[in-house]
Amino acid sequence: MRVLDTTFARGFIRMADDGWRQGWHECHGGNLSYRLAKEEVKAVEDDLRRERGWTPLSVQAGELAGDHFLVTGSGKFMRNMTLYPSDSFGMIEISDAGDAYRIVWGLTGGGLPTSELAAHLMNQAVKKRKSGGACRVIYHAHPGNIIALSFVLPMKDEIFTRELWEMEPECAMTFPAGMGVIPWMVPGTSEIGELTCRMMEEYDVVLWAQHGIFTAGETFDSAFGLTHTVEKAAEMLMKVISAGGKRNVPSAQDFRDMAEVFGLDLPERFLYEK
Ligand code: 2HA
Ligand code: ZN
């Protein structure tokens with residue numbers, strides 16, 4: 001089977017294109033990775049070329065040894081994913097020692113995996129472990145409103161989580177564990193990857209101040225839906241702040257009541273009295 005005919009490659013392309021249409025991927029902004037299931041690798045084996053040399057990884061990815069990932073290309077445009085898929089993304093294989101990768105499909109124009117490969121692999125490793133293998137998607141996007149909020153709200157997990165949860169019930173339902181925020185850091189480094197994946201031990205969404213967000217999900221739908229929910233809430237919050245601030249707000253007890261009805265485990269540290 002050809003990679004481009006698979007459900008997972010189609011889901012990958014659709015997600016990138018959806019993000020582009022949302023306005024989250026100016027120029028070469030943002031990146032996406034998907035960890036293939038063993039059966040998915042087997043199904044496309046005839047379409048793979050295992051001839052390229054290995055490139056050392058800047059991070060140790062022992063938990064991902066032998067895994068295969070679809071990854072967007074460094075400097076590639078999400079805008080081009082539907083038109084030039086095999087040039088815009090590729091499939092990489094992680095070595096058995098977890099210390100190198102090689103391209104086995106795609107990136108046909110000679111491209112390299114995303115500049116945020118270190119962050120993607122570290123986050124993939126954490127989420128693979130935490131979810132017992134269920135989590136396969138890591139997504140990085142540049143949605144305008146959540147980035148704008150990182151200029152005006154105090155950079156605290158408790159504040160971002162609670163302020164966004166208040167905007168609509170969907171928020172506490174899609175990120176009940178809360179969201180993590182990290183200060184501005186140089187993109188593309190293993191340092192930002194390391195801090196992000198430490199937060200991913202606890203959360204499925206992490207905000208990079210004045211830059212963008214990272215989300216994790218078991219499926220393309222869940223990672224995209226989470227990003228979309230965070231950004232929609234951020235857009236509403238920006239409007240509310242611009243209109244003079246919140247006046248009618250659900251209380252901490254309202255969240256506890258909702259948690260009971262929907263079986264949510266909302267940490268008490270986000271339910272402080274205001
Ligand atoms: O240019 O988004 O963080 C791709 C990025 C880097
Ligand atoms: Zn970015």
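Computed from a prediction, not measured in an experiment: that's the story for all the values here.
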Y272 six-ring face occupied by R162 cation (under 6.0 Å, within 45°): yes
Short side-chain to backbone donor-acceptor contact, E202 and A177, under 3.5 Å: no
Single hit among D157, L207, I192 for side chain to side chain contact (heavy atoms under 4.5 Å, CB included) with I182: I192
E163/K274 salt bridge by N-O under 4.0 Å criterion: yes
ILVMFWY clustering at 4.5 Å (side-chain atoms), partners of W54: none
Reported CD-to-CG distance for the pair E93 and L48, which is rounded to 0.5 angstrom: 8.5 Å
CG on L121 to CZ on F69, rounded to 0.5 Å: 5.5 Å
Stepwise side-chain hydrogen bond (donor to acceptor under 3.5 Å, both in side chains) check, Q124 with S33: CA-CA 8 Å; Q124 286 279 5; S33 66; 2.9 Å; yes
D47 side, atom CG; M1 side, atom CE - distance, nearest 0.5 Å: 10.0 Å
Derivation of the side chain to side chain contact (heavy atoms under 4.5 Å, CB included) call for N31 and F214: CA-CA 9 Å; N31 25 75; F214 258 82; 4.2 Å; yes
Test applied, salt bridge (Lys or Arg N to Asp or Glu O under 4.0 Å); reference residue, E45; option that passes from K38, R2, R50: R50
Atom CZ of R79: over 12 foreign heavy atoms under 6.0 Å: no
E63/K128 ion pair, N-O < 4.0 Å: no
ILVMFWY clustering at 4.5 Å (side-chain atoms), partners of L83: Y84
Euclidean distance, H120 NE2 relative to R35 CZ, rounded to 0.5 Å: 14.5 Å
Donor-acceptor contact below 3.5 Å, side chain E201 vs main chain V126: no
From OG1 (T189) to CD (E116), nearest 0.5 Å: 7.5 Å
Check: H25 ring centroid to H142 ring centroid under 6.0 Å: no
Electrostatic pair R256-E260, nearest N-O below 4.0 angstrom: no
CZ (R129) with more than 12 external heavy atoms under 6.0 Å: yes
Stepwise side-chain hydrogen bond (donor to acceptor under 3.5 Å, both in side chains) check, D257 with Q253: CA-CA 6 Å; D257 293 347; Q253 190 53 44; 2.9 Å; yes
Closest approach of V205 to V230 (non-hydrogen atoms, all atoms of both residues): CG2-CG2, 4.2 Å
H68/W105 under ring pair (Phe, Tyr, Trp, His ring centres under 6.0 Å): CA gap, chis, key distance, verdict: CA-CA 10 Å; H68 291 64; W105 179 91; over 10 Å; no
